[in-house]
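Just so we're clear, the structure is a prediction, and the values are computed from it rather than from any experiment. Order of appearance sets the numbers: ligands from 1, and atoms from 1 within every ligand. Basis for what follows: all heavy atoms, side chains included, without hydrogens, waters or symmetry-related copies.
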Amino acid sequence: MVILAVLAAATTPPPFAAPNSLTSALGPPWKGLTGSLGSPSSLQWLKKQRQCKRKAGTSSICAKFELKPPPYPLDALEPHMSKETLEYHWGKHHRGYVDNLNKQIEGTELDELSLEDIILATHNNGDLLPPFNNAAQIWNHDFFWESMKPGGGGRPSGELLELINRDFGSFERFIDDIRLAAATQFGSGWAWLAYKANRLDVENAVNPNPTDEDKRLVVVKSPNAVNPLIWDYSPLLTIDVWEHAYYLDVQNRRADYITFFLEKLVSWEAVSSRLEIAKARAVEREEEEERRKREEEEKSSDGEVAEIYVDNKSDDSEAE
Ligand SMILES: [Fe+2]
């Protein structure tokens, strides 16, 4: 119990002080931060809009973020992940992030944003604003619970397996890569399989895979609450490697926890569904880029026509 208390204290950030502090940290409403949100439809594919009611004045009251339960009973992952672990991990740690974020954003500009937009805005070029950790940890944990299922493990199939073979050489080599990422993340953090789409650069973070190859699967690891959304990748699978994820079941043997996760718990069906969405998103963004380029070309060619018209007029005037 002493260990649990220490873990809870170490992993649950204290409530952020006053909404006014956040407002001043953000500066004028969203100036300088809107750029980090990307194009208007960026992340539209995964945004869960919040219910907001307009008050008599100009501001709105939005529903608070809620603690979403895992898509199975808390004892459903036994014997590989115990009910007691989920009671603490979901019931205490995950709940703490939700409660803290709701307190942090109340009355601030962040209150009307989706969880994903709060993450992007508060990442703030790596100079994290206080709500970032709680917002990202809520997103990460929702994603983590849905990355597992009772009776999971085994091998993926279909296009997911084809892409894994194409991008890692074989399923076994992919497993080695993600196992290594999860095992070597120093301290607390996450290991991810993600789909790297068709943009190399993002405005608010350093791309960890700045290669020419896009539309491919990558394995990445991230410290603390950071997740691949800030690099504009589409996450497909995650392993929580904070000690609170495994200490009750296997104490300090993180390697054993990773093995249970990959061999007995991972839901390849969830990963396959996410891959479909990520690919559709990449196509949608390519079309958006094309449309934007066409519009820019049309605008610049309109400008050329106007210039010719002025020149002609000038020539007529000289002729007179
Ligand atoms: Fe966790």
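Using a cut-off of 2.8 Å, one finds that His89 contributes an N/O/S atom close to the Fe ion (ligand 1). For a distance bound of 2.8 Å, the N, O or S atoms of His141 include one lying that close to the Fe ion (ligand 1).
Using modelled atom types, one finds a donor on one side chain and an acceptor on the other under 3.5 Å when comparing Gln137 with Trp190. Using modelled atom types, one finds no donor on one side chain facing an acceptor on the other under 3.5 Å when comparing His93 with Trp242.
Looking at Ile119 and Phe132, their side chains come closer than 4.5 Å, going by heavy atoms from C-beta outward.
Paired with His80 under the rule ring-ring contact (aromatic ring centres under 6.0 Å, His included), one option of Phe260, Tyr246, Phe261, Tyr257 passes, and it is Phe260.
Looking at Asp240 and the Fe ion (ligand 1) together, the shortest N, O or S contact belongs to OD2.
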